Amino acid sequence: MLGVLVVSDASGELGYLAAFSGNLAGSNIHEFFVPPVYDMLRPNGEFRSEEEAISHLNRQVEYIKSSNDYKTLHCELESVRRKADDAVAAHKELMMRRKAERDAAREACEADEATLIRESQWLKAELRRIKARGKAAIADVEAKVKILDDRVEQLCEERRRRSVALQKWLFHKFVMLNARGESRTLTEIFADTPQGLPPAGAGECAAPKLLQYAYSHSLRPVAMAEFWYGASPTGEIRRHGHFYEACRSKCLPILGFMLQGLDVEQTPDCALPEQVRIIYEDAHIVAADKPSGMLTVPGKISATSLHELLQRQIGHELLVVHRLDMDTSGVVIFAKDKATHKALQRQFAGHTARKEYVALLGGAVAESSGVIDLPMCADVEHRPQQMISHEHGKHALTHYAVTPLPAAVLAMLRAQGIEGDVTRVRFTPLTGRTHQLRVHAAHTCGLNAPILGDRLYGRATGGRLWLHAEVVEVEHPATGAVLRLVSECTF
């Protein structure tokens, strides 16, 4: 990620600063770019020295675990345990066979009872002796293994302790400034956040670097933006030259402090209706047409949600069945009673509820229809974004079909300054992952064409996210009839 900050000096002359997130080619210092807040990669510096000491501990752990002694002892321990188990199992099988023989002898009156009892007692005693021998053999090898395992554990504990101490020390070295002339360490900034501690890499992104340099050189920030340069990382969705918001986990708390004292432009409020269109209502269910820009349920921002608005509008308490992203418009269903709520939620969780979406994509789509099968999980570094991960992701399946783009819609987009290829697609999600359609549309292994107006995975167009939930089909819990709820798409 690269960043540019327009600044002015004391005389009002404008200029700009540039920065990169993280490091380039293993270094924090490069001509043209501002320096880091703290250069932890400085050769022979305190961070590098302690990092090398921690790396040495890693090498010691790997040396022990890869040694012949370590491997041989662990193999021997597994073998001794297996032999002990086999010996016990074989003797138990012998005991069962001999018991059957004794029972048969008793029935035929062919043996002395005292002899039979002595045999039974001897077999039971022998089982105890076999278990004891096995336990002793295992303990002998375990004692040898423990010597090496204890050494590994000591090294790992020292590595953990020194890593935590180094991270804390580093966070105190990042002393951030704001426009008021105040300063705080990263530890102080993150103390009041839900995570309590700064995440790894905090303070190394482009935006904090730019503001820090401006403040420390008496320059006034005027405007700032960050954009991606180069190929996208595997799994994530980044497009060359596209602007992106600052990451929430690392930068949001830092920028919240660093921007204090500046006259920051506020995000314009979106004018939302005081009432919404009700698509369907009966004694059990109500479905409404959610506008783009409205929350489905109350969230972190102080804005009225569809849930709150609809409850006031119909004068009835409602239970949330499913949700749409804030920027997505279309059909949302609520239940009026617990039994209906439970039955409808089962349908959405079991993927028997059918949904159809209409979207306008910024780009050409090669195939007229198909299925996108890309597993998804949360991008923990850039919440609320999601990412593709074949290792950690959950199954996510989407059917798509390209549909004709009305000339009137294309003319409307051109009037809004949206140029280039535009494709109209009908999506049918077969699973219900967060941001599934947005990620499947934008990712290079999906359609490689972000939904227009997608500020997370594409490019904000200044208008809405062009994604609309047009159809939801469910089985009515009370009647068993298929209920087809439709909000006709206007684009």
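Scope of the values below: all heavy atoms of this structure, side chains included, with no hydrogens, waters or symmetry mates. Owing to the predicted nature of the structure, the values given are computational and were not obtained by experimental measurement.
Taken from CD1 in Ile333 to CZ in Arg323, the straight-line distance is 15.0 Å, to the nearest 0.5 Å. Put simply, CD1 on Ile279 and CG on Leu485 are 6.5 Å apart, with the number rounded to the nearest 0.5 Å. Atom CG of Leu437 sits about 8.0 Å away from atom NZ of Lys355, to the nearest 0.5 Å.
With hydrogens and angles ignored, the 3.5 Å screen pairs a side-chain donor or acceptor of Thr296 with a backbone N or O of Leu324. When atom types are taken as modelled, the side chain of Glu308 and the backbone of Ser305 share a donor-acceptor pair closer than 3.5 angstrom. Between the Glu119 side chain and the Leu116 main chain, no donor and acceptor come within less than 3.5 Å of each other. Under a 3.5 Å cut-off, the side chain of His242 and the backbone N or O of Gly458 do form a donor-acceptor pair. The backbone N or O of Leu318 lies less than 3.5 Å from a partner atom in the side chain of Gln311, making a donor-acceptor pair. The backbone N or O of Thr328 lies less than 3.5 Å from no partner atom in the side chain of Ser292, so there is not a single donor-acceptor pair. His341 places a side-chain N or O within 3.5 Å of a backbone atom of Val320 that can act as its donor or acceptor partner. Between the side chain of Ser27 and the backbone N or O of Leu24 there is no donor-acceptor pair closer than 3.5 Å.
A donor-acceptor pair shorter than 3.5 Å can be found between the side chains of Thr431 and Gln436. Side-chain N/O atoms of Asn23 and Asn28 include no donor and acceptor closer than 3.5 Å. Between the side chains of Tyr457 and His435, a donor-acceptor pair is found at a separation under 3.5 Å.
Listed here is the closest heavy atom pair of Asp337 and Ala283: OD2-O, 4.3 Å. Taking each heavy atom of Val175 and Ser183 in turn, the nearest pair found is CG1-CB, 3.8 Å.
Under the 4.5 Å side-chain criterion, counting only non-hydrogen atoms from C-beta, Phe190 is in contact with Ile254. When side chains are defined from C-beta on, Leu77 counts as touching Ile138, because their heavy atoms get closer than 4.5 Å. No side-chain heavy atom of Met294 sits less than 4.5 Å from a side-chain heavy atom of Ser329. You'll find the side chain of Thr428 stays beyond 4.5 Å of the side chain of Thr398, heavy atoms only. Side-chain contact check for Lys394 versus Pro375: every heavy-atom pair is 4.5 Å or farther apart.
Using a 4.0 Å cut-off between charged side-chain N and carboxylate O, Glu356 and Arg354 make a salt bridge. Arg106 has a carboxylate O that lies under 4.0 Å from a charged side-chain N of Asp103, or vice versa, which qualifies the two as a salt bridge. Salt bridge present: Arg129 and Glu126 bring a charged side-chain N and a carboxylate O closer than 4.0 Å. The pair Asp85-Arg81 does not meet the salt-bridge criterion, since no charged nitrogen lies less than 4.0 angstrom from a carboxylate oxygen. Ionic pairing of Glu317 and Lys336 is not present here: no N-O contact between side-chain nitrogen and carboxylate oxygen is shorter than 4.0 angstrom. At a threshold of 4.0 Å, the pair Arg455-Asp327 counts as salt-bridged, since one of the basic side-chain nitrogens sits closer than that to a carboxylate oxygen. For Arg102 and Glu110, the salt-bridge test fails: no basic side-chain N is under 4.0 Å from an acidic carboxylate O. In this structure, Arg160 pairs ionically with Glu157, as a charged nitrogen and a carboxylate oxygen lie closer than 4.0 Å.
Note: His399 and Phe427 fail the aromatic proximity criterion, with ring centroids not under 6.0 Å apart. Annotation: His307 is in aromatic contact with Phe334 [ring centroid separation under 6.0 Å].
When the side chain to side chain contact (heavy atoms under 4.5 Å, CB included) test is applied to Ala137, the partners found at least two apart in sequence or on another chain are Val80. For Asp282, the side-chain hydrogen bond (donor to acceptor under 3.5 Å, both in side chains) partners are Tyr280, His476, not counting sequence neighbours.
Geometrically, Arg238 engages Tyr244 in a cation-pi contact defined by less than 6.0 Å to the ring centre and at most 45° from the axis. Taking the ring axis of Phe20 as reference, the NZ or CZ atom of Lys209 stays within 45° of it and closer than 6.0 Å to the ring centre.
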Trace of the salt bridge (charged side-chain N to carboxylate O under 4.0 Å, His left out) decision for Glu52 with Arg59: CA-CA 10 Å; Glu52 173 54 33; Arg59 290 192 293 271; 2.5 Å; yes

Verdict with reasoning, Arg426 to Glu470, per salt bridge (charged side-chain N to carboxylate O under 4.0 Å, His left out): CA-CA 9 Å; Arg426 181 169 292 274; Glu470 187 174 62; 2.7 Å; yes

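The environment of CG in Asn68 is sparse: at most 12 heavy-atom neighbours from other residues, nucleotides or ligands sit within 6.0 Å. When the shell of 6.0 Å around NE2 of His56 is examined, it contains 12 or fewer heavy atoms from other residues, nucleotides or ligands. Heavy-atom contacts from other residues, nucleotides or ligands closer than 6.0 Å to CD of Glu142 number more than 12.
Under the 30°/60° scheme for interplanar angles, the aromatic rings of Tyr38 and Trp169 are found to stand perpendicular.
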